[in-house]
Student: 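First the structure, then my questions, so here it is.
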Amino acid sequence: MTEELFRDDAALASCEAKVIAINEHGVQLDRTVFYPLGGGQAGDSGVLVLSDGTELTIADTRKGTLPGEIVHVPAPGQEARVASLTPGQSVQARIDVQRRQRHMRFHTATHLLCALIPHQVNGCSITADYARLDFHMSEPLDRQALTASLDQLIGEAHPVRHYWITETELDANPSLVRSMSVQPPRGQGRVRVLEIEGVDIQPCGGTHVSNSAEIGAVVVSKIEKKSAMTRRVMLRFVEAGELAGLSQTLDF
Ligand SMILES: [Zn+2]
């Protein structure tokens with residue numbers, strides 16, 4: 001089992017840890033700030049810094065074959081360095097913060113989208129370059145109206161918080177379960193709840209920014225009819241250079 005530090009503090013960029021296992025898939029640590037691919041959110045990349053200062057580049061993070069395992073997947077070409085690792089060895093685990101920040105901004109934006117489109121989500125992918133959500137619905141969606149509504153929710157600066165709730169507490173609060181846009185998974189003993197104050201509440205294990213304003217400028221870049229009952233919504237960031245480029249175009 002790896003202690004999942006990112007669950008309670010998504011802002012943590014690094015931590016001290018000990019190697020607990022090494023196999024052909026990668027390196028497991030006793031604790032980590034690396035989020036493993038899951039819930040649609042991409043796995044983190046970054047480095048493991050060894051005690052002599054050398055760095056092992058981590059290209060991806062995945063769940064292991066057993067529950068609770070997190071595997072840090074080294075980038076190719078570092079076989080000798082991986083082979084030199086031994087269980088018990090101390091390392092510093094450090095994520096690529098800029099990439100993770102984009103995951104957190106997009107992930108939080110997808111929750112806003114869930115609040116704006118009250119239909120079941122049956123597919124989700126959150127990367128550094130785009131976010132994609134598939135809604136189970138047949139009605140058409142208006143790209144510009146959605147972008148404007150998203151922009152408004154982002155600008156309203158809603159606080160984002162998470163908390164853990166036991167299944168017993170959930171059972172005692174049926175109204176909380178009813179208010180969730182997705183029903184909580186059962187059988188784990190406790191559920192992690194993500195709340196965007198006044199906007200959305202749902203069970204979620206991913207990483208998020210702490211206020212909707214931190215999402216920044218996002219546009220609905222595309223809406224596709226994937227099937228009779230699926231509407232796919234794509235989000236992308238408006239990059240700083242893009243705005244400058246736009247004003248330059250207008251100047252000419
Ligand atoms: Zn989430």
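What you are looking at is a predicted structure, and each value in this text was computed from that prediction instead of being measured. Numbering of ligands and ligand atoms starts at 1, following listing order.
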Student: Suppose the cut-off is 2.8 Å; how many protein N/O/S atoms fall inside it around the Zn ion (ligand 1)?
Tutor: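 Near the Zn ion (ligand 1), the number of protein N, O or S atoms below 2.8 Å is 4.
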Student: Strictly by ring pair (Phe, Tyr, Trp, His ring centres under 6.0 Å), give each pair with a member in residues 34-59 just once, sequence neighbours left out.
Tutor: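 Passing the test, one end in residues 34-59: Phe6-Tyr35, Phe34-His72.
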Student: For residues 215-235, which residue pairs qualify under ring pair (Phe, Tyr, Trp, His ring centres under 6.0 Å), counting only residues two or more places apart or in two chains?
Tutor: none
Student: Does any N or O in the side chain of Thr108 come within less than 3.5 Å of the main-chain N or O of Ser212, such that one atom is a donor and the other an acceptor?
Tutor: no
Student: Taking Thr2 for its side chain and Asp30 for its backbone only, find out whether a donor-acceptor pair lies under 3.5 Å.
Tutor: no
Student: I'd like to check the side chain to side chain donor-acceptor pair (under 3.5 Å) partners of Ser14; sequence neighbours left out, ordered by chain and number.
Tutor: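 Expected list: none.
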Student: Do we get Arg232 above Phe135's six-membered ring, with its NZ or CZ under 6.0 Å from the centre and within 45° of the axis?
Tutor: no
